[in-house]
Amino acid sequence: MSAARVLGTGRTALVTGASRGIGPLIAREIAGQGGHVVLTGRSAAELQEVTSKLTAAGADVSFIPADLTQPGAAQTLVHTIERQREGIDLLVNNAGGDPLREFHTMTIEENLQTLQLNLVAPLALSHAVLGGMLRRGQGHIVNISAMAGRVSFPFTEVYAAAKDGMIGFTRVLRGDYHARGVSASVLILGAIRDAGQGQRMLDEAGMKTSRFMVPAQAVARAVIKAVRKDRAELVVMPGPGRLMRAIMDYFPGLGPAMNRAAGATASMQKIIELREAKADAVTNG
Ligand SMILES: NC(=O)c1ccc[n+]([C@@H]2O[C@H](COP(=O)([O-])OP(=O)(O)OC[C@H]3O[C@@H](n4cnc5c(N)ncnc54)[C@H](OP(=O)(O)O)[C@@H]3O)[C@@H](O)[C@H]2O)c1
């Protein structure tokens, strides 16, 4: 399958999590290749703001608000776009995030909400776009995963489970549909700076970025690379990311030791305490 068939003039991309963080940068990069990009997220006001900025910069974009954790939301979103346009050529499952609270202090329902956003919603969206992609014999699904599970990043149990799940899901999806013209790639992100949840977390705690963080723009460029070069997996982190990931798998005890040595465990403890204090304040009025 040629990447030119899913990017460029006459093509339509859907980018989730495009109201803030890394998503708007991904949308801008895809729009820069030509073609139309539909942005989605829950916040209509933020989507409108991003859409206005990208349109002013010459991009062909529109938005549809949706809460992807709601039953049927993925199917409704995809059907709406398919009615308006010829079909969806590229889906970027970027929406995601972690509440950064301790697993045991959250209810199981709160924990399952994290799974819903980071794993179930991307599966539902992929399922919803696949029929149209197969009918047209072309399409690409890019899933945004994270190193969290591989490096045992503290306090991310459910998020890590979901993001590791995305890697397995993408591998099998790619294997099953590639010969029929539909490809899939997964981007495995380390810590990201300049935009997104990692940067906000540091800002909230008054902490500085580290040299282990990658600029958010690099993620946007990696999406294009994954599609153009039809890559199965790209690790977006400084240094030899794929090797680091393999070493982490070979020595599962290394991640926690590195997190402690690099100060990530202590930093995350500080963040968690801030989050728990906020949650207590809400509960106790
Ligand atoms: N930033 C990092 O350091 C980092 C590291 C590794 C992986 N990642 C991954 O990169 C992706 C983007 O992260 P980010 O840092 O840009 O996150 P972010 O700034 O928190 O943005 C998350 C996006 O997801 C949307 N979203 C959240 N809940 C939603 C829901 N229920 N339904 C629909 N949309 C929803 C948000 O929009 P609304 O609030 O308007 O709904 C927002 O646009 C995520 O998958 C994240 O796990 C990020």
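Here, residue 1 is the first one in the sequence, and each next residue gets the next number. In each ligand, atom 1 is the first atom listed, and ligand 1 is the first ligand listed.
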Determine whether [X] and [Y] make a side-chain contact, defined as any pair of heavy atoms from C-beta on separated by less than 4.5 Å.
{"X": "H140", "Y": "V182", "answer": "no"}
{"X": "Q138", "Y": "D89", "answer": "yes"}
{"X": "E233", "Y": "R245", "answer": "yes"}
{"X": "D60", "Y": "V37", "answer": "no"}

Checking the N or O distance criterion of under 3.5 Å, is ligand 1 in contact with [X]?
{"X": "L189", "answer": "no"}
{"X": "E46", "answer": "no"}
{"X": "S145", "answer": "no"}
{"X": "I192", "answer": "yes"}
{"X": "L117", "answer": "no"}

Do [Y] and [X] meet the salt-bridge criterion of a basic N to acidic O distance under 4.0 Å?
{"X": "K53", "Y": "E49", "value": "yes"}
{"X": "R136", "Y": "E86", "value": "no"}
{"X": "E204", "Y": "K278", "value": "yes"}

[X]: numbered ligand 1 atoms lying under 4.0 Å from its heavy atoms:
{"X": "A18", "answer": "43 (O)"}
{"X": "A66", "answer": "32 (N), 33 (C)"}
{"X": "G190", "answer": "5 (C), 6 (C)"}
{"X": "I144", "answer": "9 (C), 10 (O), 11 (C)"}
{"X": "Y159", "answer": "6 (C), 7 (C), 8 (N), 9 (C), 46 (C), 47 (O)"}
{"X": "T69", "answer": "31 (N)"}
{"X": "A146", "answer": "6 (C), 7 (C)"}
{"X": "G196", "answer": "14 (P), 15 (O), 16 (O), 19 (O)"}

Among protein heavy atoms, which lies nearest [atom], and at what distance?
{"atom": "atom 27 (C) of ligand 1", "answer": "R42 NH2, 3.5 Å"}
{"atom": "atom 39 (O) of ligand 1", "answer": "R20 NH2, 2.8 Å"}
{"atom": "atom 23 (C) of ligand 1", "answer": "G17 CA, 3.5 Å"}
{"atom": "atom 37 (O) of ligand 1", "answer": "S19 OG, 2.8 Å"}
{"atom": "atom 11 (C) of ligand 1", "answer": "N94 O, 3.0 Å"}
{"atom": "atom 20 (O) of ligand 1", "answer": "R200 NH2, 2.6 Å"}
{"atom": "atom 34 (N) of ligand 1", "answer": "G41 CA, 3.8 Å"}
{"atom": "atom 16 (O) of ligand 1", "answer": "I22 N, 2.8 Å"}

(message) Minimum heavy-atom separation for A121 and L68, please, with both atom names.
(response) CB-O, 3.6 Å

Has [X] got a side-chain atom pairing as donor or acceptor with [Y]'s backbone, closer than 3.5 angstrom?
{"X": "R260", "Y": "T265", "value": "no"}
{"X": "D230", "Y": "A226", "value": "no"}
{"X": "N118", "Y": "G97", "value": "yes"}
{"X": "D194", "Y": "Q217", "value": "no"}

(request) Going by heavy-atom distance to atom 22 (C) of ligand 1, choose the closest among P122, G96, A191. (result) G96

(request) List the steps, then state whether salt bridge (charged side-chain N to carboxylate O under 4.0 Å, His left out) holds for E276 with R101. (result) CA-CA 7 Å; E276 294 297 348; R101 292 179 53 206; 3.6 Å; yes

(request) Determine, using heavy atoms of Q70 and all atoms of ligand 1, whether some pair is separated by less than 4.0 Å. (result) no

(message) Between ligand 1 and T16, can you find any atom pair, the residue atom being a heavy atom, that is separated by under 4.0 Å?
(response) no

(request) Select one of side chain, backbone, both or neither to describe which atoms of Q199 lie under 4.0 Å from any atom of ligand 1, heavy atoms only. (result) neither

(message) Consider side chain to side chain contact (heavy atoms under 4.5 Å, CB included). Of L91, T76, T40, I88, which one does I81 pass it with?
(response) I88

(message) Once rounded to the nearest 0.5 Å, what's the spacing between atom CG of N93 and atom CG of L187?
(response) 12.0 Å

